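Written out below as structure tokens is the structure these notes cover.
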Amino acid sequence: MQHPYRVMIVDDSAVIRGFLTRWLKDEESIEVVASASNGVYALREFERARPEVVVLDIEMPEMDGMTALPKLIEMDAEVKVIMASTLTLRNANISMQAMAKGAADYIPKPESTREAKDKDNFQRELVEKIKALGATRRKKSGQAAPSSDGQVKRPTASAEPVKKSLYRNTTVTLRPNKAIGLPQALAIGSSTGGPQALFSVFEKLKGKISLPIFVTQHMPATFTAILAEHLTKIFGLPVAEGIDGEKVVGNRVYLAPGDWHMTVKKDGADTVLSLNQNPPENFCRPAVDPMLRSLIDVYGSRVLTVILTGMGHDGLKGSELLSQAGGTLIAQDEASSVVWGMPGAVATAGLCNSVLPIQDIPAAIENAVMGRPL
């Protein structure tokens, strides 16, 4: 049996530190090895306890979370830091900056510890994130040696199994691209580690693509608005939360608003957005699967889809439909993913035309749009 994941909780509220510790103690696979009331004490405790995952509050006296973050990463480059904050615009913006500076993920704290629904959702999400990030850390540190196969290449029609570049025991089968015509839409799905990956992709795609782009990133509402602002600055074209009934046009990025599934439908000669609050899929709203289903209904094989880092398997069922329709699918590789859940699910299912490190995905998107090999 593996040792429990070692966790440190950093929050200026003794009440929050207390209930987080009690919640996590219920999990046999998690051990809270330290807690601290601010960044100064966190650095001291980190040196002693050497946690694998840190839950780090943003607003604290003496040394806040943003100041402590780079110092923690300097002490251990592989530590996984989850930023925790209440759902305010300011904290959402700071969390986004923290992820750009090395935080692995974020989690919105419930407004009140007395609200059972918020408590249950927060506890489930926190436990899942700690387990996923802890497992990723251990896998990467335990299997650092690269394979001799080199980078994943697009296969011949026989689609022989191809080993990925970092992990010797991970194999994926790629499929040849059979899309009819050039892509008419780009769909991107992401979750844990997604903001960092999206920043990287959109920075390199700037000025190189004019298709309508549809993005579903697992985030609450306040965060998706801030993410759209950051992506607009990086991409140089409008990025905004989708609006129900909005007409789809090129040179624009439509981001699924937090707590809403974003889909598309035909309205006469136009394609328009359709938002809904149907039940969560894969525990997520927004979710990638409903977005992909609707895009396939409208665009058929001419959907180019990219599945980026994230835990869970949201996007797998939609990608299966995409494969059947003849669309093109690119997944982020394990080595560059914060968590290889979503991209790993589609890669190991043999649905992908290409599995690539994050830095190579923009060029592959551009190649697909131009009709060149990925």
Side-chain angles (χ1 to χ4, degrees), residues 11 55-59 64-66 69 80-112 115 117-119 121-126 128-130 132-133 188-203 213-235 238-244 253-262 273 275-277 280-288 290-291 308-312 314-315 338-339 341-342:
D11 197 295
V55 182
L56 183 62
D57 189 21
I58 289 177
E59 296 179 317
D64 62 20
M66 281 297 286
L69 173 64
K80 304 301 181 183
V81 180
I82 302 172
M83 304 303 294
S85 68
T86 52
L87 277 175
T88 65
L89 282 173
R90 178 178 180 276
N91 285 342
N93 194 28
I94 293 173
S95 295
M96 210 70 63
Q97 295 172 22
M99 286 184 283
K101 294 183 178 180
D105 207 353
Y106 63 91
I107 188 166
K109 293 192 292 189
E111 295 293 335
S112 169
E115 296 178 11
K117 183 178 179 181
D118 284 350
K119 169 189 172 295
N121 290 340
F122 178 79
Q123 182 176 3
R124 177 187 59 78
E125 187 176 358
L126 180 60
E128 288 179 353
K129 288 178 185 290
I130 288 172
L133 292 171
I188 302 176
S190 54
S191 184
T192 309
Q196 305 96 306
L198 290 168
F199 296 155
S200 176
V201 169
F202 277 92
E203 183 177 22
I213 303 174
F214 304 89
V215 179
T216 290
Q217 159 72 39
H218 298 160
M219 272 185 163
T222 308
F223 280 72
T224 49
I226 296 298
L227 176 61
E229 293 180 6
H230 281 257
L231 290 175
T232 297
K233 294 176 183 177
I234 290 171
F235 194 44
V239 181
E241 292 178 306
I243 301 171
D244 190 55
V253 181
Y254 303 93
L255 179 66
D259 204 32
W260 292 82
H261 294 308
M262 183 178 71
L273 295 186
L275 305 183
N276 69 72
Q277 289 190 311
E281 296 191 25
N282 311 303
F283 300 102
C284 304
R285 191 171 65 201
V288 178
M291 177 183 73
L308 299 176
T309 174
M311 63 184 190
D314 186 28
V338 173
V339 176
M342 288 167 54

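Everything numeric in this text was worked out from a predicted model, so none of it was measured.
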Minimum heavy-atom distance [X]-[Y], with the two atoms named:
X: Ala256; Y: Thr216; result: CB-OG1, 3.7 Å
X: Ala287; Y: Glu281; result: CB-O, 3.7 Å
X: Lys129; Y: Thr192; result: NZ-OG1, 4.4 Å
X: Val215; Y: Met262; result: O-CE, 3.8 Å
X: Ser190; Y: Leu198; result: OG-CD1, 3.7 Å
X: Pro280; Y: His261; result: CA-NE2, 4.0 Å

- Message: Considering only residues two or more places apart or on different chains, which pairs with a residue in residues 89-108 satisfy ring-ring contact (aromatic ring centres under 6.0 Å, His included)?
- Response: Tyr106-Phe223
Does some side-chain heavy atom of [Y] sit less than 4.5 Å from a side-chain heavy atom of [X]?
X: Asp11; Y: Lys109; answer: yes
X: Arg285; Y: Trp260; answer: no
X: Arg124; Y: Phe283; answer: yes
X: Met96; Y: Met219; answer: yes
X: His218; Y: Val288; answer: yes

According to side chain to side chain contact (heavy atoms under 4.5 Å, CB included), who are the partners of [X], at least two apart in sequence or on a separate chain?
X: Ala132; answer: Met311, Val339
X: Pro238; answer: Arg252
X: Leu89; answer: Thr222, Ile226
X: Ala104; answer: Lys80, Leu133, Val338

Between [atom1] of [X] and [atom2] of [Y], what distance do you get to the nearest 0.5 Å?
X: Phe202; Y: Ile234; atom1: CZ; atom2: CD1; answer: 9.5 Å
X: Ile82; Y: Glu125; atom1: CD1; atom2: CD; answer: 9.0 Å
X: Asn91; Y: Thr86; atom1: CG; atom2: OG1; answer: 4.5 Å

Hey, is the main chain of [Y] close enough, under 3.5 Å, to the side chain of [X] for a donor-acceptor pair?
X: Thr224; Y: Ala221; answer: yes
X: Gln217; Y: Ile188; answer: no
X: Thr232; Y: Val239; answer: yes

- Name all pairs fulfilling the salt bridge (Lys or Arg N to Asp or Glu O under 4.0 Å) condition that reach into residues 87-102, sequence neighbours left out, sorted by first residue then second. Glu59-Arg90
- Taking it one step at a time, do Ser85 and Ile94 satisfy side-chain contact (heavy atoms from CB on, under 4.5 Å)? CA-CA 9 Å; Ser85 68; Ile94 293 173; over 6 Å; no
- Task: In sequence, state the C-alpha distance, the side-chain angles, and the governing distance for Leu227 and Leu255, and then conclude on side-chain contact (heavy atoms from CB on, under 4.5 Å).
- Result: CA-CA 9 Å; Leu227 176 61; Leu255 179 66; 4.1 Å; yes
